[in-house]
Amino acid sequence: MLAASVGNLVEWYDWYAYSFLTVYFAAQIFPPESGRPLVPLLNSFAVFAVGFFMRPLGGLLLGSVADRIGRRNALTVTILMMGGGSLLMAVLPTYEQVGLLAPVLLMIARLVQGLSIGGEFAASTTFLVESAPPGRRGFFASFQYISTTIGQLLASGFTALLAMLLAADDMDGWGWRIPFAVGAAIALVGFWIRRGTEEAHPAKAALDAGHRPPLFEALRRYPRQSLLIGAVTVAGTVTYYTWTTYLPTYAQVNNGFAAADALLAGTIALAFFAVIQPLGGMVSDRWGRRPLLLVFAGGFALGVVPMLGLIGSSWISLVLVGCAGMVLLTGYTSIAAALNAELFPGHVRAAGIGFPYSLAVALFGGTAPYLATWLSSSGHPTWFPYYVAVLAALGFGVYLRLPETAHRPLDAPSPAVTDIRPGSYRVPRQ
């Protein structure tokens, strides 16, 4: 659990440093347009979204690596790729220095990191859940988002600290490079930790005997499970990236918050979020996955518009809204890894999770900051909360008909996704 979590922390620190530092480096990489100061920021978030579209490919390819040659090997590859992308960001030349090559190099760095992060979720999710003892899969799975959040927290906190210590011109000029350089360095530490872990593949004997699943085995043999993972993920990924990534920028653009104040409020909310993840995992181990998902989706469907509307000029209001959303969001994040792993058999679990999950994240999660920024630049900042509310309402309908998987053996035959009445699953006779 520690090995998976530490490496995952490093991966997500590097990934999120980009989103928190966008407001500082955007104008250096993309030339501003006269009279439209939001254009560089909008372009930076477009690159953020493009990086997400490499995640499905990473989930499929590196997930297949995890299924074919082991979880540990896939995890060491992903962390090296993420560190390399962060290093490129640290030494990235500006538009003034190299012209259009600057945004091209930025795009390359994000594509490599997107490929890495897609494989990371697939491999680390399966590694965590397969390591859990009976009745503790939800608790173990919660460490997926604990480590993700701590990585994000470090990125946010480090950025906020630099913003307070450095003058604005220094932060815009060279200070934004420091977090990327640190991320590249700690990626080497994560690589060393992961190289020392033991393989936890449930089909290790089959792998040793040379029986390896083909690349598209999960999609070919388990199409309905793949569709179900995508449907489960949509509402979760939009609300997750809205609350954990875009909320500080939303407060800056729509409420006039200073960048340092918004980042500090986001850091406090993230710390609270990390603390409550194990509670959600333990509750799901006792009461099931579906009740938490219903609370999450119903809460956001009814509450996202009022919550964002409560953000005023007061810094405390931003902190309270951030923490309230984190409580609801825990109903999804604390159990997402467990639920996904419970839908696929072990020999194709990583690739089976990686592709549909990452595709849903790319289509809906990665585009959320860009869509919100575009609506603000178009004069319609209040439309985005309604978009989130509609997707949460659709997610509520999916979760209401979801088969419960919490209390069955991990590698028992999957519950039939066509029999979706609550409580309908019974373990088949062997």
Do [X] and [Y] have their ring centres less than 6.0 Å from each other?
X: Y240; Y: Y145; value: yes
X: W243; Y: F300; value: yes
X: Y357; Y: F121; value: yes
X: Y13; Y: F180; value: no

May I ask you to test the [X]-[Y] pair for a side-chain heavy-atom distance under 4.5 Å?
X: T78; Y: I117; answer: no
X: T233; Y: P356; answer: no
X: W12; Y: S147; answer: no
X: L359; Y: R55; answer: no
X: L292; Y: Y332; answer: no
X: T22; Y: W176; answer: no
X: L111; Y: L115; answer: no
X: L328; Y: V304; answer: no

Looking only at atom types and distance, does a side-chain atom of [X] sit under 3.5 Å from a main-chain N or O of [Y], one as donor and one as acceptor?
X: E120; Y: L75; result: no
X: T159; Y: A155; result: yes
X: T76; Y: N73; result: yes
X: R71; Y: T126; result: no
X: N340; Y: I353; result: no
X: Q152; Y: T244; result: yes
X: S142; Y: S334; result: no

Nearest heavy atoms of [X] and [Y], plus distance in Å:
X: D285; Y: G138; result: OD1-N, 2.7 Å
X: F296; Y: G236; result: CZ-CA, 3.6 Å
X: A218; Y: G352; result: CB-CA, 3.5 Å
X: V319; Y: A265; result: CG2-CB, 3.7 Å

* Asked: Could you walk me through whether I311 and L247 pass the side-chain contact (heavy atoms from CB on, under 4.5 Å) check?
  -> CA-CA 10 Å; I311 300 175; L247 193 61; 4.0 Å; yes
* S124 and Q144: side chain to side chain donor-acceptor pair (under 3.5 Å), yes or no, with the steps? -> CA-CA 8 Å; S124 63; Q144 173 75 28; 3.1 Å; yes
Answer yes if the side chains of [X] and [Y] hold a donor-acceptor pair under 3.5 Å, and no otherwise.
X: S284; Y: R289; result: yes
X: N8; Y: T148; result: yes
X: Q277; Y: T149; result: no

State the [atom1]-[atom2] distance between [X] and [Y], to the nearest 0.5 angstrom.
X: F257; Y: Q252; atom1: CZ; atom2: CD; value: 10.0 Å
X: F140; Y: S131; atom1: CZ; atom2: OG; value: 7.0 Å
X: L100; Y: L105; atom1: CG; atom2: CG; value: 11.0 Å
X: R194; Y: F127; atom1: CZ; atom2: CZ; value: 8.5 Å
X: I335; Y: F139; atom1: CD1; atom2: CZ; value: 15.5 Å
X: Y399; Y: L339; atom1: OH; atom2: CG; value: 9.0 Å

* Given the rule in the side-chain contact (heavy atoms from CB on, under 4.5 Å) test, do M81 and L62 qualify, once you have shown the distances and angles that lead to the verdict? -> CA-CA 11 Å; M81 293 175 65; L62 296 174; 4.3 Å; yes
* Asked: Should L279 and T330 be marked as a side-chain contact (heavy atoms from CB on, under 4.5 Å) after you check the CA-CA gap, both sets of side-chain angles, and the distance that decides it?
  -> CA-CA 9 Å; L279 300 178; T330 297; over 6 Å; no
* **Face-on cation placement of R110 at Y18 ring, 6.0 Å and 45° thresholds** =>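 Positive - R110 is close enough to the ring of Y18 and near enough to its axis.
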* To do: For E96, look at atom CD and say whether over 12 heavy atoms of other residues, nucleotides or ligands are found less than 6.0 Å away.
  =>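 Result for CD/E96: open.
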* To do: Run the numbers on L228 and R224 for side-chain contact (heavy atoms from CB on, under 4.5 Å), then give the verdict.
  => CA-CA 6 Å; L228 184 58; R224 285 179 285 186; over 6 Å; no
* To do: Using a strict cut-off of less than 4.0 Å between a Lys/Arg side-chain nitrogen and an Asp/Glu carboxylate oxygen, indicate whether E130 and R72 qualify as a salt bridge.
  =>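 Answer for the salt bridge query: no.
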